[in-house]
Amino acid sequence: MVYFQKWKVVIGGAAILLCLGAFCDKGGLSGAASAEKLVISSAVLCEDVQERQPLYEGVVFSIGIGKIFCYTLFDPVPEKTYITHNWYNRDNLTTKIKLSLQPPRWTTYSAIQLRESDKGPWRVEITDSEGRILQVLRFSVTE
Amino acid sequence: MDGFLIFLQSIRWQDIVDITLCSYILFRCYVIFRITKAFRILIGLAFLWIFQRFAVSIGLIVTSWVIQGITAVAALIIIVVFRNEIRSVLQVKNIKALFWGLPQQPFHAPIQIIADSVMDLARKRIGALIAFPGKEDINEKIQNGILWDGAISKEMITSIFWEDNPVHDGAIIIEGDRIHEVGVILPLSHRQELPSYYGTRHRAAVGLAESTDSLVVVVSEERGTVQIVKGSTITPVLKKDDLEKHLQQHLGLVIRDPSDQKKEKNEIRIAAMVAVIFITSVWFTIARGLDSLVTFEIPIEYMNRNPGMEILDASVNSIKIQLAGSVPLTRSLRPDHVRVKIDLGKSVVGQNIYTITNENISLPPGIFIKSFNPAVVDVTLDVLDKKNLPVQVDWTGKLPENLRMEKVTIEPSIVQIIGGRQLLNNITTAYTEKIPLESIQSSRTIIVNLALSPASLKVAPGFKDKITVECSVK
């Protein structure tokens with residue numbers, strides 16, 4: 001009888017350990033740092049960036065301004081990583097800019113120089129280190 | 001000799017059928033219309049036309065125009081003037097008569113019996129009124145006729161006008177070899193200068209004759225005289241022979257002897273030969289005339305395409321074809337008479353190469369292909385697919401000074417597009433038509449169409465193709 005109860009305790013304990021293991025795999029007890037994901041807090045197109053702040057945000061830019069900035073603020077940044085700003089003129093990829101991020105919060109931006117032939121609809125795809133699209137910003141360059 | 005043999009070999013069976021049919025049609029037209037007055041006018045018209053072509057060939061510009069105008073007007077006038085004659089020829093009871101045999105002579109009135117009867121009635125002082133209609137319809141002028149439709153005999157005519165017969169006071173209408181109607185009331189003449197001894201019978205005879213092209217024979221009951229009335233002329237008739245002559249003249253009867261019949265047969269044989277020679281020469285002028293070359297750019301028609309596929313690209317959209325034929329045929333040839341068809345029934349997704357042969361090109365008869373270019377067409381086909389695409393506004397122009405477009409909201413922001421799979425793979429955004437920025441003075445809503453390119457792309461059913469753009473400016 002005592003022998004049988006010992007086996008019950010062993011089986012019960014193993015079941016509890018298995019459940020805990022499964023919970024930990026899903027992040028339940030794996031720690032706060034690993035649970036956090038990279039999040040874009042703000043992403044805008046602007047004419048300039050000064051003191052880590054975007055200036056003159058918009059969705060239509062005159063070719064005369066010469067340069068366009070894509071400003072992105074990530075909060076939180078769980079770990080040191082990098083993101084990419086992919087600039088498309090219509091459906092053609094024209095510029096790809098890799099930008100590194102540092103935890104816990106990071107502001108970064110990219111810019112392109114405008115030429116006369118750059119008029120038309122544009123988009124910037126912001127992708128993570130694995131190429132997943134985090135956000136798409138659309139704008140136009142006009143006269 | 002060799003040239004003649006080559007020529008004989010080049011004649012197709014269709015050419016022989018062509019000439020035979022047209023010759024027979026021309027010959028039948030002659031046979032049917034030769035007895036009409038319109039035929040002579042038609043011959044005159046044909047000469048006018050020949051003269052007009054001659055005037056053109058020697059460069060008489062104004063003369064050819066004038067004759068062309070006269071011919072056109074004359075053709076119209078002939079149809080209007082001779083409509084009754086043409087109708088009577090074409091309104092045959094037996095349709096076979098149009099295509100075969102000689103037109104049957106209409107049944108003629110037995111003139112001798114009629115003349116004999118009329119003179120007998122005059123001798124017996126029995127009043128009579130006999131109308132012979134001409135080509136005009138008299139039904140609107142006469143009334144109260146009783147349909148008789150009886151064969152003509154002396155006894156019958158005498159009995160109709162016998163004074164105890166209830167219809168003896170009216171007129172009889174003779175059409176062909178039948179008494180068509182009896183007891184007919186004719187319109188009375190209102191002429192003042194008619195002799196006072198003329199009674200109602202005479203006035204009725206004059207009334208019908210002057211209002212139609214009929215001939216009316218009237219027998220006076222009181223005086224036993226016979227008179228013929230035609231138009232406004234009243235002619236007394238004393239002898240039976242005179243009456244017969246008048247009737248023959250009115251009914252257009254000519255006594256034919258066997259030599260006339262032989263002559264007629266010869267005339268028809270000559271007409272048949274002339275028809276064959278004329279059509280053969282026309283055929284040679286048109287179909288085997290001097291060669292002339294003409295070049296057309298013909299669009300390619302793609303047939304039997306699988307509905308699930310669409311043409312993504314083609315190396316050419318049209319081919320240049322050089323055609324040859326006689327001058328009249330090439331001159332009348334238009335690009336839409338020529339068709340180039342490619343059967344896509346066995347095509348596959350991707351590149352399909354087709355070699356164009358003469359079988360792909362359909363031409364009117366008498367026109368031949370000299371050359372065409374290109375001979376190979378490369379057609380790329382794709383399977384139809386659907387793809388959801390984000391919509392983006394395509395701004396153009398310049399925003400007014402001191403204005404900044406801060407935000408744009410698009411509804412719907414995503415549309416489903418149908419098009420070729422390969423085509424859709426390369427497209428990531430659906431753009432709107434260009435919106436001019438000059439028109440933006442303040443925040444506003446604009447409704448705009450999508451500008452899908454290429455045109456084969458379409459918005460899927462259930463999705464809006466009108467895009468609402470809400471823009472906020474500062």
Side-chain angles (χ1 to χ4, degrees), chain A residues 40 42-50 53-71 84-96 112 114-127 131-143, chain B residues 387-415 417 419 422-444 446 448-454 457 467 469-474:
Chain A
I40 295 182
S42 171
V44 292
L45 290 149
C46 55
E47 292 183 13
D48 202 358
V49 176
Q50 284 181 10
Q53 288 300 319
L55 286 179
Y56 311 123
E57 295 170 28
V59 288
V60 174
F61 298 95
S62 168
I63 194 107
I65 62 172
K67 209 170 184 182
I68 295 180
F69 292 77
C70 177
Y71 167 90
T84 311
H85 287 182
N86 300 302
W87 294 74
Y88 291 87
N89 183 353
R90 287 201 175 265
D91 284 331
N92 304 315
L93 180 65
T94 58
T95 310
K96 198 168 184 174
I112 57 159
L114 293 177
R115 295 161 300 174
E116 190 61 29
S117 59
D118 288 338
K119 287 177 199 167
W122 283 75
R123 73 175 190 271
V124 181
E125 282 180 4
I126 303 160
T127 58
R132 287 189 293 260
I133 295 173
L134 301 174
Q135 194 167 340
V136 179
L137 300 171
R138 295 178 187 277
F139 66 101
S140 285
V141 176
T142 62
E143 286 171 21
Chain B
K387 188 176 183 182
N388 288 334
L389 294 175
V391 180
Q392 184 168 353
V393 181
D394 190 359
W395 299 102
T396 185
K398 193 165 187 175
L399 204 58
E401 288 293 327
N402 305 322
L403 280 183
R404 178 181 303 281
M405 192 170 294
E406 290 195 317
K407 193 181 171 191
V408 171
T409 312
I410 298 168
E411 173 57 35
S413 58
I414 289 174
V415 288
I417 302 295
Q422 289 180 31
L423 201 61
L424 287 176
N425 283 344
N426 299 324
I427 297 173
T428 53
T429 310
Y431 296 101
T432 66
E433 289 176 337
K434 288 188 184 299
I435 306 178
L437 286 164
E438 288 81 357
S439 61
I440 311 275
Q441 298 294 335
S442 59
S443 297
R444 57 179 285 203
I446 304 160
V448 68
N449 288 319
L450 283 173
L452 295 175
S453 177
L457 295 177
I467 306 297
V469 179
E470 216 172 289
C471 57
S472 59
V473 292
K474 268 191 180 175

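Fair warning: this is a prediction, and the values are worked out from it, not measured in the lab. Letters A, B, ... mirror the listed sequences (proteins, then strands); counts begin at 1.
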Close approach to chain B in residues 132-143 of chain A, criterion heavy atom under 4.5 Å | A/R138, A/F139, A/S140, A/T142, A/E143
Verdict with supporting geometry, B/T429 and A/R90, side-chain hydrogen bond (donor to acceptor under 3.5 Å, both in side chains) = CA-CA 8 Å; B/T429 310; A/R90 287 201 175 265; over 6 Å; no
Look only at the side chain of B/Q392 and the backbone of A/W122, and say whether a donor-acceptor pair between them is shorter than 3.5 Å.
-> yes
Where do A/K119 and B/D394 land on the salt bridge (Lys or Arg N to Asp or Glu O under 4.0 Å) test, with the steps shown first?
-> CA-CA 10 Å; A/K119 287 177 199 167; B/D394 190 359; over 6 Å; no
Taking everything shown except B/K398 itself, do over 12 heavy atoms lie less than 6.0 Å from its NZ?
-> no
Worked check of side chain to side chain contact (heavy atoms under 4.5 Å, CB included) between B/R404 and A/E47 = CA-CA 11 Å; B/R404 178 181 303 281; A/E47 292 183 13; 2.8 Å; yes
Quick one: NZ on B/K407 to CD on A/E57, what's the gap to the nearest 0.5 Å?
-> 12.0 Å
Proximal component of B/V393, with respect to chain A [non-hydrogen, under 4.5 Å] = backbone
Can you tell which part of B/T428 gets under 4.5 Å to a heavy atom of chain A, answering side chain, backbone, both or neither?
-> both
Can B/E406 and A/V59 be said to form a side chain to side chain contact (heavy atoms under 4.5 Å, CB included), step by step?
-> CA-CA 6 Å; B/E406 290 195 317; A/V59 288; over 6 Å; no
With side chains defined as the heavy atoms from C-beta onward, is the minimum distance between A/D91 and B/Y431 less than 4.5 Å?
-> yes
